[in-house]
Amino acid sequence: MNEISYEYRLKQVDSGIAYGRRALALAERVRWKPGVARSYNCIGINYYMMADADSSLKYHQQALDMYRGLGDSAGVGWSLCYLGSVYVNVLNDYPKALSSLEPALQLLSKANDRKGMARTLDILGVAYLDLGQAAKALEHFQKSEKLSESLGDLAATGSSDLHIGNLYTQMGQYPQALDYSKKALTLFKRVGSKVGISSALGSLGEISCVTRKYDEGIDYYRQAAVVDKEIGQKLGVAQDIANIGAAYLLLKKYAEALSAFQESFAIEKALGYKSGMSNCLANMASIYANAPDSFLNRLGKRREIAETTAQEALRLANEIHTISDQKLALETLTSIYAKEKNFENAYRYQRDLVALNDSMVGDEKQKEIAKREVQYQFEKKEDSLRAVQEKRDALASAEIKRQKLIRNYTVSIVLIAGAFSFLMIVFNSRRKKLISDKRVSELEMNALHLQINPHFIFNCMQSINKYMIDNEGKLASQYLIRFSNLMRLTLENSREKEVSLSRDLSALELYMQLEALRFKNKFQYVIEVDPEIDGETTLIPPMLLQPFVENSIIHGISNREGGIIKIIVSKEENMIRCVVEDNGEGRKSSVEHKLSPDVKRESLGVKITQERLEIIGKIKKVATAMFITDLADANNGLSGVRIELLLPFENEF
């Protein structure tokens, strides 16, 4: 019955729990402790498949305690592996996950339990992937895949392949992600693992949607929903349908999107899943507010319906304190009130949204600190094990020296010196890479602080307030919407090391539009991109050009009429050239402006950009460059500045 319970985890968890309890009662009746422990784990696995963390942890802990009492190291290893699965996939508690999975791998390796080793390696890979250690995650997935293939365990092989596909999806390497996800789906179908089939179909749907193949993605999500219905995974069905709605919304098929979100909401309401309910309501409110009148004219007071729906989404999100749901609801409310020209409410929700974004940045920092602490403890443990091993090697070398006298003594010294030199080289290389990565992150964050600073935000708020006082409602609405979009784009781009050229230029254009409004359209701008460059797939470091555009506006053309800013992006062999040019006053002498805070800030922006380019050049192993040229007019007087940045050309695919 335990085996039946274990098999039902992939098909019908309710039946799996029932069979596990029957097996437990029978084992307790005959006082067979190994059977009792096995029953605990089988019940715990089925609760894990239901995402019931508390129940799953309770049963796996009972199994662990019993196996320890029996002195069964393999049983202890399996129980620790199951506990690690819950900590990784349900609770996202990585310190506890690693503290369970690492000893589990040691025990199962010592017992030569290759199936348990493969399972543990696979879950460790998931943990490392979530911790941002993609290379280490891939190494563990590949080891797990190899072990599972040698055992002929198709379901476990499919799991490793699916996780490798997810890794490649996160890295933006979609052809590889597609190959592995399809391979996983084939294996799951061969063994009849419906949970695996649903997961693989969901991954294929995600790949299709991120590559803009929305109809194909919808088809995959529908297939996943059919499978989830068969195995009674109601929450999985709701999430599949919500994914379908999101795809329809991107296609601007509002009727289909609204129907999908309403269906998903009904299921999640029955299950009491408030996060999903809030997400669906926010999307429905957006549809009510923005869909064409021809689609929603039957609703009558559609604006009131949109407001009420978005308010309910925010209420649910606040109840469960989920920041992502709160953010979506606040964004929706801000957009609705701005469209209605209700600037007081729009400003109030925009202010709440900015505060929430600030808290998200702080929360991300806390997560990063936790991740670094886990990595530090892991490396510290590795160093300790390395020291023990080096001590053993030294003792062995001493014994060899004693037995083989002078000749072997010399050879041993050479070998030890070589090994030590190699370890030092590896250590220094790793240390330099960590320092370089850390410096890149610091510079990118400094660039963010330089770009969207408190003075700029204050000026924007003052401009909005002035438009409202002067009863210029249309201008206030335009300004507020553009400012909101700029805040969102800036925060999103600042978290990435590289973004698409189109995304970066979109943020830059929004910034110039806001400044043009603020300075009463004293200047115009032109953005020219080489036709050979695909803006969607070409990648550049974010926020490199903005400080120079700001300098052109503030110091070059803000005090004169007819100003022009040109932004030109062109490709030169394996490099990309970015140019910012203005026809302003040109750079004045340092004597005139040496005490100006803005000039100090300008110099700091140039310095940080130079440092970023140097580190990018070292990482990419190419020669980056920055050139600043004063432009002259017909009388050889200063008439603008030209900034040129030379970067390595990077393509997403």
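Treat the numbers as computed from the prediction; the structure is a model and nothing was measured.
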Mind checking whether [X] and [Y] have side chains closer than 4.5 Å, heavy atoms only?
{"X": "Y349", "Y": "T332", "value": "no"}
{"X": "K252", "Y": "Y254", "value": "yes"}
{"X": "T537", "Y": "D534", "value": "yes"}

### Task
Identify, with sequence neighbours excluded, every residue that meets ring pair (Phe, Tyr, Trp, His ring centres under 6.0 Å) alongside F265.
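Per chain and number, F265 pairs via ring pair (Phe, Tyr, Trp, His ring centres under 6.0 Å) with no residue.
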
### Message
Y180: which residues meet the ring pair (Phe, Tyr, Trp, His ring centres under 6.0 Å) condition with it, sequence neighbours left out?
### Response
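Y180: ring pair (Phe, Tyr, Trp, His ring centres under 6.0 Å) contacts with Y168.
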
Side-chain donor/acceptor of [X] to backbone N/O of [Y], under 3.5 Å:
{"X": "D530", "Y": "I533", "result": "no"}
{"X": "S506", "Y": "S502", "result": "yes"}
{"X": "S264", "Y": "A260", "result": "no"}
{"X": "N279", "Y": "S275", "result": "no"}
{"X": "Y221", "Y": "E206", "result": "yes"}

#### Entry: Results of salt bridge (Lys or Arg N to Asp or Glu O under 4.0 Å) for E536 - residues two or more places apart only
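Applying salt bridge (Lys or Arg N to Asp or Glu O under 4.0 Å) to E536 gives R212.
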
### Message
Can you pull out every salt bridge (charged side-chain N to carboxylate O under 4.0 Å, His left out) where at least one residue sits in residues 156-168? Sequence neighbours excluded, please.
### Response
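Those involving residues 156-168 are D161-K183.
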
### Task
Just say parallel, tilted or perpendicular for the rings of Y128 and H140, cut-offs at 30° and 60°.
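If you compare the ring of Y128 with that of H140, the planes turn out tilted.
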
#### Entry: Cation-pi, F188 ring and K194 (6.0 angstrom, 45 degrees)
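Not flagged: K194 not positioned over aromatic ring of F188.
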
### Task
Kindly write out the residues that satisfy side-chain contact (heavy atoms from CB on, under 4.5 Å) with K229, not counting sequence neighbours, or none if the list is empty.
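side-chain contact (heavy atoms from CB on, under 4.5 Å) check on K229 returns V237.
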
### Residue list, side-chain contact (heavy atoms from CB on, under 4.5 Å) with A257, at least two apart or on another chain
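A257: side-chain contact (heavy atoms from CB on, under 4.5 Å) contacts with Y248, L249, F261, I287.
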
Any side-chain donor near an acceptor of the partner, [X] and [Y], under 3.5 Å:
{"X": "N166", "Y": "S203", "value": "yes"}
{"X": "Q239", "Y": "N243", "value": "no"}
{"X": "S160", "Y": "E145", "value": "no"}
{"X": "S159", "Y": "R119", "value": "no"}

